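Everything numeric here is computed off the predicted structure, so don't read it as measured data. Proteins come first, then strands; the chains are lettered A, B, ... in the order of their sequence lines, and each starts at number 1. The basis for the numbers below is simple: all heavy atoms, side chains too, and nothing from hydrogens, waters or symmetry mates.
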Protein chains: 2
Amino acid sequence: MLRLSKLTDYAVVVLVRLSGMEGVQTSPGIAAATGIPEPTVAKVLKTLAAGDLVCSQRGAKGGYRLNRDLSAIPIADVIAAIDGPIALTACVEGSSTGCESQGLCPMRGRWDPVNDAIHKALSGITLADMQRGLLPAFRVPVHQAALQPAAQ
Amino acid sequence: MLRLSKLTDYAVVVLVRLSGMEGVQTSPGIAAATGIPEPTVAKVLKTLAAGDLVCSQRGAKGGYRLNRDLSAIPIADVIAAIDGPIALTACVEGSSTGCESQGLCPMRGRWDPVNDAIHKALSGITLADMQRGLLPAFRVPVHQAALQPAAQ
DNA sequence: GTTATCCGGACTACCACAGTCCTGATTGGA
DNA sequence: TCCAATCAGGACTGTGGTAGTCCGGATAAC
Ligand code: FES
Ligand code: FES
């Protein structure tokens with residue numbers, strides 16, 4: 001299904017929420033604002049901090065703050081921070097678990113360009129792009145029939 | 001990691017192998033030629049047949065045969081046949097498990113353009129492209145046009 | 001000193017995937 | 001006619017990664 005982890009979805013929500021305020025925001029505050037469980041928000045934020053997407057301030061009155069503007073954060077960075085480097089298959093470079101049939105597989109290295117294409121695609125969309133159209137989202141009725149991916 | 005299943009990798013290998021010969025080929029034959037375990041090859045072929053990528057001939061002297069040329073099979077089709085419809089997150093259309101916070105999540109529907117961009121990228125690369133290693137490197141359609149969920 | 005917050009990790013439950021195998025249905029040939 | 005080869009479709013199990021939670025410790029404001 002080519003699906004990315006749910007944590008990445010949360011990360012986008014959290015990052016967009018972080019961009020709204022100027023000062024630092026705490027994990028419980030973001031959890032309350034987004035509806036995501038608090039421990040999960042903390043986990044996401046810690047991972048994002050490790051990926052240099054947000055910076056943290058410890059101690060009382062501490063919290064998290066965006067490191068760059070939303071328009072400077074491509075989705076590829078979020079995915080890489082949460083899910084690790086983008087590696088479609090076990091055979092592309094950068095994958096931890098090497099492929100066992102690298103010696104005789106005729107497709108060796110063939111996935112690399114595909115992987116690169118996806119990476120480029122995800123690097124071309126920033127969080128600011130995703131945020132666009134966010135305003136009416138609160139009152140939009142439940143409606144998901146915009147796309148029909150089963151048209152292959 | 002945005003990884004797709006290993007079965008999809010096998011499927012590409014199997015399909016490329018199928019394109020080499022003219023007549024039908026059996027599961028054990030392909031397994032021997034590719035080094036992939038025979039039951040796995042059979043499973044992949046059955047799934048590909050269900051997706052109309054290959055056609056099968058039952059009985060003695062039976063086997064599998066490509067339904068279209070490699071250049072007419074985009075990778076998106078292979079992924080869709082093996083891994084199901086491309087759905088990055090649980091919130092995009094086509095996902096089986098709906099998102100539980102659809103009612104109040106501000107990011108609802110925001111992943112659809114991203115998903116569509118990936119789908120377009122994968123539809124622009126065919127198996128023939130992968131076989132040759134020559135890729136239309138700049139056919140990655142991720143620009144402003146891809147962000148409008150009007151196409152497809 | 002106390003309190004609020006982040007840090008880093010360990011921990012478990014769960015589910016999708018990978019891989020195998022079995023029982024039929026179909027077809028060609030002996 | 002009967003048999004052998006082959007696909008069809010599912011059931012089955014082990015494994016690995018993900019989701020989510022929790023704890024003790026470090027840090028900084030008050
Ligand atoms: S399957 Fe890994 S190199 Fe081909
Ligand atoms: S997390 Fe599913 S709609 Fe936002």
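For residues 36-48 of chain A, no pair satisfies side chain to side chain donor-acceptor pair (under 3.5 Å), with sequence neighbours left out.
Atoms CH2 and CD1, on A/Trp111 and A/Ile118 in that order, are 9.0 Å from each other to the nearest 0.5 Å.
Partners of B/Thr8 under the side chain to side chain donor-acceptor pair (under 3.5 Å) rule, at least two apart in sequence or in another chain, are B/Ser5, B/Asp83.
The side chain of B/Ser56 contributes an N or O atom lying less than 4.0 Å from OP1 or OP2 of D/dA8. Contact annotation: B/Ser27 does not reach the phosphate of D/dT6 (side-chain N/O to OP1 or OP2, under 4.0 Å).
For the segment residues 48-55 of chain B, the set of residues with a heavy atom within less than 4.0 Å of an atom of DNA chain D is empty.
Taking every side-chain heavy atom of B/Ser5 into account, C/dC17 is the closest of D/dT18, C/dC6, C/dC17. You'll find that the side chain of A/Lys6 is closest to D/dA19, out of D/dT21, D/dA19, D/dG9. Nearest to the side-chain atoms of A/Gln57 among the listed nucleotides D/dA29, C/dC6, C/dG28 stands D/dA29.
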Taking only distance into account, with no hydrogens and no angle test, what donor-acceptor pairs under 3.5 Å do side-chain atoms of residues 54-77 of chain A form with protein atoms, sequence neighbours excluded?
from	atom 1	to	atom 2	distance (Å)
A/Asn67	ND2	A/Asp52	O	3.2
A/Arg68	NH1	A/Ala72	O	3.0
A/Arg68	NH1	A/Asp77	OD2	3.2
A/Arg68	NH2	A/Asp77	OD2	3.4
A/Asp69	OD2	A/Ser71	N	3.2
A/Asp69	OD2	A/Ser71	OG	2.8

Please tabulate, for side-chain N and O atoms in residues 24-32 of chain A, each donor-acceptor pair with protein atoms closer than 3.5 Å (sequence neighbours left out).
from	atom 1	to	atom 2	distance (Å)
A/Gln25	NE2	A/Arg17	O	3.4
A/Thr26	OG1	A/Gly29	N	3.1

Please tabulate, one pair per line, each protein N/O and nucleotide N/O from nucleotides 2-5 of chain D that are separated by under 3.5 Å, including the distance.
from	atom 1	to	atom 2	distance (Å)
D/dA5	N3	B/Ala60	N	3.3

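Atom OH of B/Tyr10 is separated from atom C1' of C/dC17 by 12 Å (rounded to the nearest Å). Here C/dT5 presents its P atom at 12 Å from OH of A/Tyr64, a figure rounded to the nearest Å.
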Apply side chain to side chain contact (heavy atoms under 4.5 Å, CB included) to residues B/Leu18 and B/Leu45 and explain how you reach the verdict.
CA-CA 10 Å; B/Leu18 266 180; B/Leu45 281 170; 4.2 Å; yes
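In terms of heavy atoms, A/Val78 sits closest to A/Ala11 at CG1-CB, 3.8 Å.
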